[in-house]
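Chain A is the first sequence line, chain B the second, and so forth, proteins listed ahead of strands; every chain is numbered from 1.
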Protein chains: 2
Amino acid sequence: MTATADKLDRVSRRQVDKFEERRRELASAALLTLSELGYARTSLREIAQNSAFSHGVLHYYFRDKNDLITYCVRQYKAQCAQRYDQVVAESPTADALAAGFADAMIATLREDGHMHRLWYDLRSQALFTSSFRSDVLEIDELLEQMIWRVVSRYAELAAVAEPKSSALTYALFDGVFQHALLRHLAGLDVAPTLHSDVLCVLGTVVPRDTDPAVPEQVPATTT
Amino acid sequence: MTATADKLDRVSRRQVDKFEERRRELASAALLTLSELGYARTSLREIAQNSAFSHGVLHYYFRDKNDLITYCVRQYKAQCAQRYDQVVAESPTADALAAGFADAMIATLREDGHMHRLWYDLRSQALFTSSFRSDVLEIDELLEQMIWRVVSRYAELAAVAEPKSSALTYALFDGVFQHALLRHLAGLDVAPTLHSDVLCVLGTVVPRDTDPAVPEQVPATTT
DNA sequence: AAGACGTCTTGACAGGTGTCAAGATTTTCT
DNA sequence: AGAAAATCTTGACACCTGTCAAGACGTCTT
């Protein structure tokens, strides 16, 4: 009986894989549509139109619209929290890390601005719909850890004690990025401001008072 | 002819006043519904049901749904930017201002959390719908000025030079508040954290290095 | 008092939505 | 190859949406 069991297992495993693969494919199409139209204006038919299938197939792979969107959020989670790790790994000095971090944020703004506005949209939905909250809080935690990896490595390179709480640090950078994203999408050139803002926040979040050569704070254009 | 003109003017003025008054009334009902359901789930019929009128009247006072929501956003704007001015006026010392500011933020979280989640929702919509952007950016500017009044007054009381840019300062506090709001609505008790976070950010945004009596909050624990 | 005007309700419309079931099509297994 | 199962399409359903027009109601002017 083990032979039959193995075969059945192989078969069902393969089917599950294919099933999961198509789920991912459809979720990708859904994420594309959502990031283009926003949560409020995205319908299942529109999602299907951005895929290779017709609208009925969505209910073959997902129970609900809620099920689909929750799956999308989780898929988004898996891909979004690994953006700055390369910068962390490749920066030899604290200053290089700071500059690389600021540049990476600007690149995120330009290249993944649409995905990030979707993230902010979904996080706003979580303020109303409790069913989204746990997933959103999970993603928030991942992003928080991602920022923390940057900041704590920065403190390590600068040979300074670790900074404030991880949650507060994340909230600060998140506020700065969100501010920049809105103005970027409005057509403004926010790259220089965002760059200096990131350096400034980084400088205050982990103060480098142990270095006697640095007299003042990071120079920022004062209005 | 001036008599008739005056009378007509009086009459039309009164009618305009009544017209505007009802618009405000309906916009209030709409704001209530929006803050309860969120932008994506709010319909005109639901708005009317939260008012004393039927759904048809909305198109008597507003051209569009967009027109209504834009009017709502502007009405929200008028009321939201005057919250912390009392704290600014009544705080004699820098420390009192800081504590009052933190307390006021907690009070805002508790009492006006629903309105603020609507604000974040609408600001997210502005990331997708360009027609909302100008109004949202205007409100953002008002809130920025509100925060700036607090922070610059704090610097004045502490006899320290003015801090970083107004825009960056606002982005930081906004990030902190948004972070707290999500967790507050998720059922967590964020009041102590928010309080200490606000003090911490205030302390780093306007550094009080001239005062030798105040110890720094940064612990020297090395991991 | 009577008509004019502002205000509000009702009911309909065209279109869009999520959902589902029946069947066509493709893939897989024996 | 033929049966069985998985997959996909089509079309329908009930409901909801924004919008508008026709008319009812009330208020004010003359």
Measure the distance from [atom1] on [X] to [atom2] on [N] and round it to the nearest whole Å.
X: A:Y60; N: C:dG23; atom1: OH; atom2: C1'; value: 14 Å
X: B:L58; N: D:dG18; atom1: CG; atom2: P; value: 10 Å
X: B:H59; N: C:dT7; atom1: NE2; atom2: P; value: 18 Å
X: A:E46; N: C:dG15; atom1: CD; atom2: C1'; value: 14 Å
X: B:H55; N: D:dT17; atom1: NE2; atom2: C1'; value: 10 Å
X: A:K18; N: D:dA6; atom1: NZ; atom2: C1'; value: 8 Å
X: A:D67; N: C:dG18; atom1: CG; atom2: P; value: 14 Å
X: B:R41; N: D:dC15; atom1: CZ; atom2: P; value: 21 Å

- Note on the structure: Per atom distances to the A:L44 side chain, the nearest of C:dG18, D:dT9, C:dT10 is C:dG18

- Where the side chain of B:K65 is defined as all heavy atoms beyond and including C-beta, which of D:dG18, C:dT10, D:dT7 is the nearest nucleotide? D:dG18

- Please state whether the phosphate of D:dT17, meaning OP1 or OP2, lies under 4.0 angstrom from any side-chain nitrogen or oxygen of B:S43. yes

- Task: Name the orientation class of the two ring planes belonging to B:F101 and B:Y84 (parallel below 30°, tilted from 30 to 60°, perpendicular beyond 60°).
- Result: perpendicular

- Query: Are side-chain heavy atoms of A:W119 and A:V73 found at a separation under 4.5 Å?
  - Reply: no

- Taking everything shown except A:Q79 itself, do over 12 heavy atoms lie less than 6.0 Å from its CD? yes

- Message: Does B:F62 reach a base, just sugar-phosphate, or nothing at all? Heavy atoms under 4.0 Å.
- Response: nothing

- Task: Could you check whether A:F53 gets within reach of a base, just the sugar-phosphate, or nothing at all, counting any heavy atom under 4.0 Å?
- Result: sugar-phosphate

- Item | Test item: A:S130 side-chain N/O and A:A126 main-chain N/O as donor-acceptor pair under 3.5 Å | no

- So, B:R117 side chain and A:L127 main chain: donor-acceptor pair closer than 3.5 Å or not? yes

- Under 3.5 Å, is there an N or O donor on one side and an acceptor on the other linking the side chain of A:R45 and the base of C:dG16? no

